[in-house]
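Data block below; observations after.
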Amino acid sequence: MKTARRMEAIKPSATIAMNVKAKELKAEGKDVLSFAVGEPDFPTPDNVVEAAKRAMDAGETKYTAASGSNELKAAICEATQRDLGLSYEPANVLVSNGAKHSLMNVAEVIFDEGDEVVMFSPYWVTYPVQAEFVGAKPVVIETSGEDDFQPDLEQVRAAVTDRTVAILLNSPCNPTGAVYAPETIEGIAQIAVENDLTIVSDEIYKHIIYDDAQHVSPAQVSDEARAQTLIVDGVAKTYAMTGWRIGWIVGDAAFIKRAGALQGQATSNPNSIAQAATIEALGGPQESVAEMTAQFELRRNFVMERLAEIPGVTCATPRGAFYAFPNVAEHYGRELAGRKIGGSLDMAEYLLDKALISLVPGEAFGAEDYIRISFATSMEELDEGLKRLKAALA
Ligand SMILES: *Cc1c(COP(=O)(O)O)cnc(C)c1O
């Protein structure tokens, strides 16, 4: 069957291949431990589940406005006011089927063929793919664990050309856990304003933050920066609601109107029951968020202690999200269990085959020297998994 040329941008992901292999080994009865998952291991809070049940019983089972119900948009405005101190109207909000869908809406509405989009590596796998799918060109600025994965502003400035239309930010970052310093966010916002660029700020991990790290949104930097910022967020990570599929964009009303028109033709409204549950998640008690974050922080500390004991492995301390992103490149070139470890994919395959631990090769995030370990798993599993990692690299 004929396939459109734009499908060339959609490559089967290394992550999925690893997952398939891990499942095969599990099916063979092997005790595989997975540190590859990108979702909280906690259940969705009870009050949210109850709100969904009530919505079904009350007959909230029909179409809502294609861009999301007014009640939910109002709840998102209130949450944005509470979290960032910024006031928006429902006309500034588009609710979509998860934050990934929100980001795809941004790509489709903003990027033309040949437009350049500045982004930082290690990047979330989806960013370059979405840009390429609509014909835009990802311009990738590398960050390194040695600098805590903080972007260099001079490099950002140098990357901007007359084709650049947007800068894509993700702080706290998946896969590195980096939280960009306030000065960095301010600097990037300033560059965007000077060059009339849209700032796409993926803030899906903004509530999962450790130590004294502080989340700053580019929309908070100045009125000018705010006018050019599209904040992307959702319930998936903050409220352990990955399966409910609700995300949103907050920003310029004219953009929101266009993106809403696109969504009206593509998917119509996101699930009405999940929308009702999201109103409760955002407006109800927030204790579960703090509890979950406290658990993640304990695990983060544990993972960092254990990684520090493994020779040839260095890891920048994650200040947010729930991933550690250690550099394992010192082990590249070694021959382990009869195979030469050439890079992150070989390393991940070796660790899966020999240590029965599955994690994501850095290659998937444009960062060959690293592997990603999710700590959205129990302490017991982390304990056993890190023992296995240490033994496998000895
Ligand atoms: C999980 C994740 C998202 C998207 O989440 P949805 O499940 O689509 O709401 C977006 N950005 C990053 C960096 C993520 O890790």
Side-chain angles (χ1 to χ4, degrees), residues 13 15-16 19 35-42 44 48 68 72 76 79 93-108 117 119-131 138 140 143 149 151 166-180 199-209 215 217-218 230-250 259 263 266-267 269-271 274-275 277-278 281-282 289 292-293 296 318-325 359-360 362 364-367 372-376:
S13 84
T15 324
I16 289 174
N19 273 335
F35 305 100
V37 290
E39 61 182 347
D41 53 321
F42 302 103
T44 302
V48 176
L72 176 51
I76 290 167
V93 182
L94 173 64
V95 187
S96 302
N97 300 288
K100 188 180 273 185
H101 181 212
S102 301
L103 289 161
M104 191 68 181
N105 276 333
V106 171
E108 288 185 308
V117 186
M119 57 184 76
F120 303 93
S121 76
Y123 45 67
W124 190 46
V125 194
T126 297
Y127 299 146
V129 177
Q130 289 187 340
V140 177
T143 66
F149 299 107
I167 303 181
L168 217 166
L169 291 184
N170 175 218
S171 173
C173 174
N174 173 8
T176 65
V179 175
Y180 290 177
I199 310 168
V200 185
S201 183
D202 180 348
E203 303 182 6
I204 194 108
Y205 293 102
K206 72 163 162 263
H207 295 283
I208 304 176
I209 211 160
H215 170 78
S217 171
L230 300 174
I231 300 171
V232 175
D233 201 348
V235 288
K237 311 294 160 57
T238 310
Y239 301 99
M241 291 174 69
T242 44
W244 298 71
R245 311 309 305 136
I246 297 290
W248 55 83
I249 310 168
V250 176
Q263 182 165 302
T267 64
N269 64 274
N271 181 291
Q275 287 192 62
T278 297
L282 293 175
V289 181
M292 204 166 70
T293 302
F296 282 140
R319 305 285 175 198
F322 39 71
Y323 312 98
F325 204 60
L359 23 78
V360 185
F365 311 101
R372 191 190 75 175
I373 301 173
S374 164
F375 46 87

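All ligand and atom numbering here is 1-based and tracks the order in the structure. What you see is a predicted model; the values in this text were computed from it and never measured.
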Option from [options] for which side-chain contact (heavy atoms from CB on, under 4.5 Å) with [X] holds:
X: V140; options: F120, Y127, Y123; answer: Y123
X: V95; options: N269, I249, I246; answer: I246
X: F325; options: T176, I373, N174, V360; answer: T176

- Message: Using only atom types and a distance under 3.5 Å, with no angle test, would you say the side chain of R372 pairs donor to acceptor with the backbone of L359?
- Response: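 Pair absent, no side-chain N/O of R372 close to backbone of L359.
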
Quick one: ligand 1 N/O to protein N/O pairs below 3.5 Å?
from: ligand 1; atom 1: 7 (O); to: R245; atom 2: NH1; distance (Å): 2.7
from: ligand 1; atom 1: 8 (O); to: A99; atom 2: N; distance (Å): 3.1
from: ligand 1; atom 1: 8 (O); to: K100; atom 2: N; distance (Å): 2.9
from: ligand 1; atom 1: 8 (O); to: R245; atom 2: NH2; distance (Å): 2.8
from: ligand 1; atom 1: 9 (O); to: A99; atom 2: N; distance (Å): 2.7
from: ligand 1; atom 1: 11 (N); to: D202; atom 2: OD2; distance (Å): 2.6
from: ligand 1; atom 1: 15 (O); to: N174; atom 2: ND2; distance (Å): 2.9
from: ligand 1; atom 1: 15 (O); to: Y205; atom 2: OH; distance (Å): 2.7
from: ligand 1; atom 1: 15 (O); to: K237; atom 2: NZ; distance (Å): 3.0

- Query: So do the side chains of W244 and T278 get within less than 4.5 Å of each other, counting heavy atoms only?
  - Reply: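 Sidechains of T278 and W244: no contact.
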
- Message: Does K100 have more than 12 heavy atoms from other residues, nucleotides or ligands lying within 6.0 Å of its NZ?
- Response: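 12 or below, so no.
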
